[in-house]
Amino acid sequence: MAKRSVVPFGPQHPVLPEPIHLDLVLEDEVVVEAVPSIGYVHRGLETLVKKKDYNEMVYVTERICGICSFMHGMGYCNAVENIMNVEVPDRAKYLRTIWCEMSRLHSHLLWLGLLADAFGFEALFMHSWRLREKILDMFEISTGGRVIFSVNKIGGVLKDMPADMLKNFVQILDGMEKELRETTNIFLNDYTVKSRMVGVGILSPEDALKRGAVGPMMRASGYAIDMRKTGYAAYGDLDFEIITSNDCDCYARCQVRIGEIFQSIDIIRQAAAKIPDGEIAAAVKGNPDGEFFMRVEQPRGEAFYYVRANGTKFLDRMRVRTPTFANLPAMLQTLKGAQYADVPILILTIDPCISCTER
Amino acid sequence: MSSIMSFTGMALKNLFSKPATIQYPEQPKVYPERTRGHVEINIDDCIFCGMCMRNCPPRAIKVDRASGTWEIMRFDCVQCGYCVNGCPKKCLSIVPGYTEPQMKKEADRFVKPPAPKAEKPAEQKQAGGQKNA
Ligand code: SF4
Ligand code: SF4
């Protein structure tokens, strides 16, 4: 038997955008086991329910993550709205859908960039992020923020997108599509890129299920699971197919995410065409009393929000299960038997968001 | 099918295209009008009800009805806009222009003129000297 050695990986590592620590047990160059430890960026956001009332919590939940901040805020609002039986106006639902899909777009572009960076393709990294910048600009124009949007409130949204703004956005996306094809084609077809991804990090469908993977991780192992199909926001009115792949490797996950980029553009187009006129927020009276589980599909997978309220303005409990947390066991599975040189790519393949995980 | 040198086309195009970045700071960044840069107050309309103080999630605002002052800790404010939405007199607004670095964390103080026809007091300074406001 080869000699075993333990190599610490992280919390500070060039490939990691956020701190997570792994102890990699190696036999020669092969990883036999990976032991994760998290907790470097724990902020105790869930406990803040004791100090911030349920309206202020919208702004707290937004800050769980800097990438899916809109969806975090929305998921929480949805949960409280369901407890209070607030009917959100249709226009607000559509606006939420558009912002959700813009979040997905920029998140997947961010991930593509980080992936390119992980295998050392710096120019491709720059290009992915250059494209992402346009989405961030769109966010700034429509919400006033590039990272934290603060447009959600219990009962609807705070800002409207006028028709000319929507038209402009659709035009920008139309223009971006060609560039996106060019860039994503490199990810999908380039020899060098493929040599790093094809057949690497296989997560068999059984393992994916057993380890409770979510999002693109699950879909790349052949399961058509997507919370958007539950029809929250305006997804019930829009037409889209769940993108899956049966290859189960890093390449498949990249393929799924790239497919979702174009799907998001399509969903935004549909929503912009169908958006009804009307109010953007419903009036909310009183305090919530009851509990609710809300499940939303974030770029990284399914997140859920559990809210329990007691009739006062302070909630009893707010619990968030983020997709990265659910994907960590699957990631550890893919690390087993992997080459040491592939570890960065395997970690990135789940699109880790550590701050989300630790809240 | 995989291809070698698939990036060449893009690389060549880049060589001859305009840079994607702007030459900051020579060329200033133009913010869209909705940018949440900092909170501004029209102190003349404020009735010192304290709604903004109670609403503000990071408790960045202090309102004192007795002395007629409204204070904001610019570096505590997270630009969420909750105070703006809750103000009954609509005298708060959130406008472009980020708070500039300062040596000391100090509150920005606004005082309402005591008499109805008095001129604007000297303390009322332009919020933090922002660019682009
Ligand atoms: S909520 Fe408006 S009126 Fe009331 S104290 Fe604040 S700024 Fe003044
Ligand atoms: S914008 Fe938000 S953080 Fe800033 S003063 Fe208003 S309520 Fe407080």
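Letters A, B, ... mirror the listed sequences (proteins, then strands); counts begin at 1.
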Enquirer: Using a 4.5 angstrom heavy-atom cutoff, name the option from Asp53(A), Val193(A), Asp160(A) with the most pairs to chain B.
Expert: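 Between Asp53(A), Val193(A), Asp160(A), the count favours Asp160(A).
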Enquirer: What donor-acceptor contacts under 3.5 angstrom involve side-chain atoms of residues 80-90 of chain B, with partners at least two apart or in another chain?
Expert:
{"residue": "Asn85(B)", "atom": "ND2", "partner": "Gly81(B)", "partner atom": "O", "Å": "3.0"}
{"residue": "Lys90(B)", "atom": "NZ", "partner": "Cys87(B)", "partner atom": "O", "Å": "3.3"}

Enquirer: Check Asp342(A) with Arg196(A), please: is the shortest side-chain N to carboxylate O separation under 4.0 Å?
Expert: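 Answer for the salt bridge query: yes.
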Enquirer: Do Trp111(A) and Ser128(A) pair up side chain to side chain, a donor and an acceptor below 3.5 Å, judged on atom types alone?
Expert: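 Absent: no donor and acceptor within the cut-off.
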Enquirer: Hey, could you give me each pair passing ring-ring contact (aromatic ring centres under 6.0 Å, His included) that has a residue in residues 47-71 of chain B? Not counting sequence neighbours.
Expert: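 Qualifying pairs: Trp70(B)-Phe110(B).
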Enquirer: Can you tell me which portion of Asn55(B) sits under 4.5 Å from chain A's heavy atoms? Options are side chain, backbone, both or neither.
Expert: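 The backbone, not the side chain.
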Enquirer: Can you tell me if Met126(A) has over 12 outside heavy atoms packed within less than 6.0 Å of its CE?
Expert: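 Check fails, neighbour count at 12 or below.
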Enquirer: Which answer fits Arg59(B), side chain, backbone, both or neither, if we ask what part of it has an atom under 4.5 Å from a heavy atom of chain A?
Expert: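 Arg59(B) touches chain A through side-chain heavy atoms alone.
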Enquirer: Do Tyr76(A) and Val60(A) come close enough that some side-chain heavy atom pair is under 4.5 Å?
Expert: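 Not touching, per the 4.5 Å side-chain cut-off.
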Enquirer: Using only non-hydrogen atoms and a strict under-4.5 angstrom cutoff, which residues of residues 175-185 of chain A touch chain B?
Expert: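 Expected list: Glu182(A), Thr183(A).
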Enquirer: Scan the side chains in residues 143-159 of chain A for donor-acceptor partners under 3.5 Å anywhere in the protein, sequence neighbours excluded, and list what turns up.
Expert:
{"residue": "Thr143(A)", "atom": "OG1", "partner": "Phe139(A)", "partner atom": "O", "Å": "2.8"}
{"residue": "Thr143(A)", "atom": "OG1", "partner": "Gly145(A)", "partner atom": "N", "Å": "3.2"}
{"residue": "Thr143(A)", "atom": "OG1", "partner": "Gly145(A)", "partner atom": "O", "Å": "3.2"}
{"residue": "Arg146(A)", "atom": "NH1", "partner": "Asp137(A)", "partner atom": "OD1", "Å": "2.9"}
{"residue": "Arg146(A)", "atom": "NH1", "partner": "Glu140(A)", "partner atom": "OE1", "Å": "3.0"}
{"residue": "Arg146(A)", "atom": "NH2", "partner": "Glu133(A)", "partner atom": "OE2", "Å": "2.4"}
{"residue": "Ser150(A)", "atom": "OG", "partner": "Glu62(A)", "partner atom": "OE1", "Å": "3.2"}
{"residue": "Asn152(A)", "atom": "OD1", "partner": "Arg96(A)", "partner atom": "NE", "Å": "3.2"}
{"residue": "Asn152(A)", "atom": "ND2", "partner": "Phe70(A)", "partner atom": "O", "Å": "3.4"}
{"residue": "Lys159(A)", "atom": "NZ", "partner": "Thr143(A)", "partner atom": "O", "Å": "2.9"}

